[in-house]
Amino acid sequence: MHKLLWNFNLSLDTQLPPSLAEFFRRRGFNATHVIDYPEGALMSDSEIISIATMENRIVITKDIDFFDYFLLKGYSPAIVLLQLGNIKNLNLFLFLDKQIETIISLFKEDFERLLLINQHKIAIY
């Protein structure tokens, strides 16, 4: 386990594995998954957005609705939209481990942004 020098709060959406929150915690992040909240996987997108905004969290999701919300509102919460298709958890962890420093540097530049990540590029909004 290694601690990194940033302090970003992350909130993982329903479609992502709960073990991904642990993956991020091992890397020094304050990470929660929707199942960590009383409403659990039944939380609506608006509830996730509200909590992420109140707790200053970056939402990590595969749900395109968060992209639409961000484009309409243009502000908090920050969002990482993963467009990696059906990917095994191990491959997801390996992919994110390779991208994590780039992702963090982009949020250090401007916290209120949306990152759309696929296998080939990171698009910034």
Heavy-atom side-chain contact between [X] and [Y] under 4.5 Å:
X      : Y     : value
Ile49  : Pro77 : yes
Val34  : Glu39 : no
Leu82  : Ile60 : yes
Arg27  : Asp97 : yes
Ile117 : Val80 : yes
Leu92  : Leu84 : yes

Within one Ile-Leu-Val-Met-Phe-Trp-Tyr cluster: Ile122 and Leu94, side-chain cutoff 4.5 Å: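 Each belongs to a different hydrophobic cluster.
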Cluster overlap Leu90 with Leu96, hydrophobic side-chain contacts below 4.5 Å: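 Unlinked, Leu90 and Leu96 end up in two clusters.
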Atom pair [atom1] ([X]) and [atom2] ([Y]), whose distance is rounded to the nearest 0.5 Å:
X      : Y      : atom1 : atom2 : value
Leu12  : Leu20  : CG    : CG    : 4.5 Å
Leu115 : Leu81  : CG    : CG    : 9.5 Å
Leu42  : Glu47  : CG    : CD    : 9.0 Å
Thr61  : Tyr69  : OG1   : OH    : 14.0 Å
Glu101 : Ile103 : CD    : CD1   : 10.5 Å
Gln119 : Gln99  : CD    : CD    : 9.0 Å

Mutual orientation of the aromatic rings belonging to Phe29 and Phe8 [parallel < 30°, tilted 30-60°, perpendicular > 60°]: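 Aromatic pair Phe29/Phe8 classed parallel.
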Donor-acceptor contact present, side-chain Arg57 to main-chain Asn30, <3.5 Å: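 Answer holds: yes.
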Donor-acceptor pair, side chain of Asn91 and main chain of Lys88, under 3.5 angstrom: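 No; zero donor-acceptor contacts below 3.5 Å.
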Can you list everything that forms a side-chain contact (heavy atoms from CB on, under 4.5 Å) with [X]? Sequence neighbours excluded, please.
X     : answer
Asn89 : Pro17, Ser19, Phe93
Ala41 : Thr14
Ser50 : Met54
Glu22 : Arg25, Arg26

Side chain to side chain contact (heavy atoms under 4.5 Å, CB included) evaluation trace for Arg113 with Ile79: CA-CA 7 Å; Arg113 55 179 26 176; Ile79 297 170; over 6 Å; no
Residue list, side chain to side chain donor-acceptor pair (under 3.5 Å) with Ser46, at least two apart or on another chain: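 Partners of Ser46 by the side chain to side chain donor-acceptor pair (under 3.5 Å) criterion, ordered by chain and then number, come out as Ser44.
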Trace of the side chain to side chain contact (heavy atoms under 4.5 Å, CB included) decision for Lys62 with Asp13: CA-CA 8 Å; Lys62 291 173 105 180; Asp13 195 11; over 6 Å; no
Partner set under ring pair (Phe, Tyr, Trp, His ring centres under 6.0 Å) for Tyr37, not counting sequence neighbours: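 Not a single residue meets the ring pair (Phe, Tyr, Trp, His ring centres under 6.0 Å) criterion with Tyr37.
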Residue pair Asn56 / Asn9, side-chain donor-acceptor N/O under 3.5 Å: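 No.
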Aromatic centroids of Phe67 and Tyr125 separated by under 6.0 Å: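 Ring centroids of Tyr125 and Phe67 are less than 6.0 Å from each other.
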